[in-house]
Amino acid sequence: MPSGSNQRKRVVSGMRSTGKLHLGNYVGALQNWVAMQDQYECYFFVADWHALTTDYADTSRVKENSIEVLLDWLAAGLDPERCTMFIQSHVPQHAELHLLFSMITPLGWLERVPTYKEQQQNITEKDLTTYGFLGYPVLQAADILIYKGDFVPVGEDQVPHVELTREIARRFNLFYKLHGGQVFPEPQPLLTRTPKLPGTDGRKMSKSYGNTVMLTDPEPVVRQKLKTMVTDPARVRRTDPGNPDVCPVGDLHKIFSDPVTMARVNEGCRSAGIGCIECKGWVADALVNILNPMQERRKKYEENPRLAWDILEAGSARASRIAGTTMNEVRDAMGISLEYAAARTPQGAK
Ligand code: SF4
């Protein structure tokens, strides 16, 4: 256990095992996780079971994708000495708690989750009318509550998921008591800043749009991708003034560039004093400055993947200890303890 962890509030968060991560994943979550390591006792897991809720038909890359996610976490600065990292399926207690929660969760609560209908409509190439997909938020509740997380870092749009976790905790606590007390605390959402990060085509950066800059992209690839990025449509000719506030490249500058560069962009774009190629070059410089040290750190683990696997094993062992303690409490509270002494024995039995 990282030192001093007893005094710190506990944070739990997961990321689906989607393979290599892109800048959107970094800005939307990972960057915050790295910053939280010293302030909170952090449990970060690669959510491979969650990936199966949509990608169940072909599981050939799930394990490899989980490792790639972990490598990017380590590259971005998550430190196994300061946080616990593991793969969800390596701590099977998540599944047991999910099962028990599924007994008490009303169907209507799940059908009302905004992303349920939304994703079914958007992901038309897969059959998502499955039991596992509907139960996704119940698994999420188990992921968080099994560690009795105090906080769950989320963007505004994911607050309803945390609310559902709180409702499930409340319902469990209502039905089952442990020595007269409650088993689960109600975790709070920890609202994190998730700035709008456009992809190279101006839409939200996403693997499914093919518009990403990956954390592993080498410098020439980053520069090439930036060169083809869409800009303010009003700026057709070099002599036309533009507006960084409506330009996706301007959005990248706001996130990654220093104030001096930002001032040069604002002035130069609005007065047509700079060209878009020059402006894109500046943002590419900023990205390369962030990505180079990450790629340097990643190399160590790519050359020796066993190191990364050892980190996962140590993380799983640490997480399992806490998850095991919680499950003992859950079983006790529900009257299905594994202890012989706690079971009601038939008359005359010893
Ligand atoms: S100068 Fe920069 S901010 Fe302005 S339109 Fe071109 S790329 Fe966008």
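The structure displayed is predicted, hence computed values, not measured ones. Just follow the structure's listing: the first ligand is 1, and inside any ligand the first atom is 1.
Comment: Lys299 does not engage Glu302 in a salt bridge, judged by the lack of any side-chain N to carboxylate O separation of less than 4.0 angstrom. The pair Arg82-Asp38 meets the salt-bridge criterion, since a charged nitrogen lies less than 4.0 angstrom from a carboxylate oxygen. Ion pairing between Arg170 and Glu167 fails under the 4.0 Å rule for side-chain N and carboxylate O.
Around atom 4 (Fe) of ligand 1, the protein N, O or S atoms found under 2.8 Å comprise Cys269 SG.
Residue Lys300 qualifies as open at atom NZ: its count of foreign heavy atoms under 6.0 Å is 12 or below.
Side-chain contact between Asn211 and Met205 is present, with at least one heavy-atom pair separated by less than 4.5 Å.
The salt bridge (charged side-chain N to carboxylate O under 4.0 Å, His left out) contacts involving residues 273-287 comprise Arg223-Asp285, where partners must be two or more places apart or lie in separate chains.
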